[in-house]
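When reading the values below, keep in mind they use all heavy atoms of this one structure, side chains included, and skip hydrogens, waters and symmetry mates.
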Amino acid sequence: MKTDAFALRHIGPNENDLQHMLKTIGVESIEQLIYETLPDDIRLKDPLNLDPAMTEYEFANHIQLLGNKNKVFQSYIGLGYHPTIVPAVIQRNILENPGWYTAYTPYQAEIAQGRLEAILNFQTMVIELTGMEIANASLLDEATAAAEAMTLLFDVRTREQKKNNIHKFFVSEELLPQTLSVLQTRSTPIGIELIVGNHQEFDFSEDFFGAILQYPGKFGQVYDYANFIAKANEKEIKVAVAADILSLAKLTPPGEMGAAVVLGTTQRFGIPLGYGGPHAAYFATKDEYKRSMPGRIIGVTVDSDGNRALRMALQTREQHIKRDKATSNICTAQVLLSVMAGMYAIYHGPKGLQYIANQVHASAATLANELEKLGFKQTNTAFFDTIVVKADANKIKEIAEQNEVNFYYIDANRVSISLNETTSVADLNTIIGIFAFAKETQTTPISNLTETNHFPENLKRTSPFLQHEVFNKYHSETALMRYIKMLERKDLALNHSMISLGSCTMKLNAAAEMLPLSNPQWNNIHPFAPLNQTEGYQKNVVQARTTVERNNWVYWNYFTTQFRCARGICRLNGNSCLSSIAR
């Protein structure tokens, strides 16, 4: 027996098992089974042209060498993706734990009470941070969530709007480019006309049923949308806001401004960059719109003995309700990633999230001040974490890449810099040094951050959030580890038993295929990083030599791209913009 064979160790069955199975179904061989199952005219006549399979050990070495081709620079590109710190207790006990990553979508509530509680925590986190009334159990990504918001607002048009076929949807030019790309794809089949423009010049015509705004804007400018939303509501134009969830620890939540939908990504809550995904989206709205809400909602009920129980309370897919009542084709809730994001909020609690948000904002404020001292103009009048600097972009880029730093280059004269949770004072000194070198001048290293707010006082958050006990109880590693284990014991996953229901999720991925997820050479790459920094990712799946390698690349294509490239690769200033397209 070849004990190093991947198929034997992971896929199975062995030869004895195979003979027993063949006998049970009444055939002599696999060949006979195929002959009796597949029509002869569609069967492949020749064997697949495959090289001998790698062993798991050979594959581990191979994927490491491939990962080494990727260059991990400090990333300040932003555009909805930010380096983050994954708490070790969450990485080890959830991301790397088959008790969590092999569990099936929780359709069977009685064997999924742990996951359901973790998702309920996620929903509660989203509701309180956004200031909305109801939230779902996550969606595929921010771009998909925006498309679902557009669809929801289209579905809940007034009777008069439907009668008059009002089908225009306003899209702020501040929206993230990958989100706009998905809106363009998803609007066409259902007859929605997108109008992209400056929200400050919007005329609030009755020809529109809805609008979507970005908070903060794609290059970091923080706008006060309260007046826009109020005027829109007067005209029966419902507004969705795509909001940076970490900023909501400091900024007034859109729900308090009157938004109909608030959406975004939870990637900033302890989820690696992963070259663009997956990252659980959040989606929150008003209670009156829950019947049009995409995805599913976890709710609290009581069982037959009167005990507290959790279940999926609402689903709006055609698989679960009458097709003509279905409002969404979304089946993918990023359960593993939403669990991680929810645990991140539990681990840090409200004070911890405020501290992180304050540090990120202080880093941006400090950098803006120091660059202005060097003679550079910073153009954002209000910001949370992103500044825009007037400078020779080509010159800055050359110096930055020599220092293994990536900024976003808006055009030849503007550089966008997004700070994040991982940014240290030493990192800020590196950035300042890059700009000083471009000016051919010297600078004195900083040692402290500037503690001032760079946004209007009326946009400062005053409402409390994360007040529930669960967000104020498990702040030590041991406490959170025990809580995670307590929930895990309530679930059925592959570490307990085979899961007969369904065939999707990550339950069929071997440990050898999962290990690279914790490797920074794979999980710490920004999706808009220059292609010459991502050579490991550029390897064509068609060139994969073995079964295990093919399996791994199929998985990686799913895990890191979330069906990206359904519309091809678009280009943003020479960088690859790999949009997430839901199918």
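Using a 3.5 Å distance cut-off with no hydrogens or angles, the side chains of Gln74 and Glu404 do not pair a donor with an acceptor. With no hydrogens or angles considered, a side-chain donor-acceptor pair links Gln538 and Thr534 at under 3.5 Å. For the residue pair Gln64 / Asn519, a side-chain donor-acceptor distance below 3.5 Å is found, with atom types taken as modelled. In summary, the side chains of Ser424 and Asp427 do present a donor paired with an acceptor at a separation below 3.5 Å, with no hydrogens or angles considered. A donor-acceptor pair shorter than 3.5 Å cannot be found between the side chains of Asp491 and Gln113. Residues Ser138 and Gln334 bring no donor and acceptor atom of their side chains to less than 3.5 Å of each other.
For Trp522 and Tyr275, the gap between ring centers reaches or exceeds 6.0 Å.
The side-chain heavy atoms of Tyr347 and His475, taken from C-beta on, include no pair separated by under 4.5 Å. For the pair Leu310 and Lys490, the minimum side-chain heavy-atom distance is 4.5 Å or more. The shortest side-chain heavy-atom distance between Asp385 and His82 falls under the 4.5 Å cut-off. Under the 4.5 Å side-chain criterion, counting only non-hydrogen atoms from C-beta, Glu142 is in contact with Leu176.
Within 6.0 Å of the CD atom in Glu469, the count of heavy atoms belonging to other residues, nucleotides or ligands does not exceed 12. The environment of Glu28 atom CD is sparse: at most 12 non-hydrogen atoms of other residues, nucleotides or ligands sit within 6.0 angstrom. Within 6.0 Å of CE in Met486 there are more than 12 heavy atoms belonging to other residues, nucleotides or ligands. Other residues, nucleotides and ligands contribute at most 12 non-hydrogen atoms within 6.0 Å of the NE2 atom of His468.
Looking at Glu128, its side chain does come within 3.5 Å of a backbone N or O of Leu466 through a donor-acceptor pair. Under a 3.5 Å cut-off, the side chain of Asn121 and the backbone N or O of Gly342 do not form any donor-acceptor pair. His279 contributes a side-chain N or O that, together with a main-chain N or O of Leu273, makes up a donor-acceptor pair within less than 3.5 Å. A distance-only check finds no donor-acceptor pair linking the side chain of Gln214 to the backbone of Leu175 [under 3.5 Å]. Under the 3.5 Å distance criterion, the side-chain polar atoms of Thr144 are left unmatched by any main-chain donor or acceptor of Leu140. Between the side chain of Ser181 and the backbone N or O of Pro177 there is no donor-acceptor pair closer than 3.5 Å.
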Going through the checks in order, is the salt bridge (Lys or Arg N to Asp or Glu O under 4.0 Å) test met by Arg311 and Asp303? CA-CA 10 Å; Arg311 87 286 192 216; Asp303 65 13; over 6 Å; no
Before giving the answer on side chain to side chain contact (heavy atoms under 4.5 Å, CB included), spell out for Arg268 and Asn420 the whole-Å C-alpha distance, their side-chain angles and the decisive distance to 0.1 Å. CA-CA 9 Å; Arg268 297 196 84 155; Asn420 58 77; 4.1 Å; yes
Begin from the C-alpha positions of Thr84 and Gln267 and carry the test side-chain hydrogen bond (donor to acceptor under 3.5 Å, both in side chains) through to its verdict. CA-CA 8 Å; Thr84 187; Gln267 185 265 319; 5.5 Å; no
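If you take CD on Glu117 and OG1 on Thr124, they are separated by 10.0 Å, rounding to the nearest 0.5 Å. Summarising the geometry, atom CD belonging to Glu488 is positioned 4.0 Å from atom CG belonging to Asn97; distances are rounded to the nearest 0.5 Å. Taking CG of Asn61 as the start and CE of Met54 as the end, the distance is 9.5 Å to the nearest 0.5 Å.
Across Ser247 and Asp244, no two heavy atoms sit closer than the pair OG-O, 2.6 Å. The minimum heavy-atom distance linking Ala280 with Thr266 is given by the pair O-OG1, 2.7 Å. Shown here for Gln91 and Val86, the closest heavy-atom pair between the two residues is CB-CG1, 3.9 Å. The shortest non-hydrogen separation linking Gln123 to Arg296 is OE1-O, 4.2 Å. Contact between Glu513 and Phe6 at its shortest, heavy atoms only, is OE2-CZ, 4.1 Å. Between Leu33 and Val27, the shortest heavy-atom contact is CB-CG2, 4.2 Å.
Using cut-offs of 30° and 60° for the angle between ring planes, the Phe407 and Tyr409 rings count as perpendicular. In this structure, Phe528 and Tyr81 have perpendicular ring planes: the angle between them is above 60°, well past the 30° mark.
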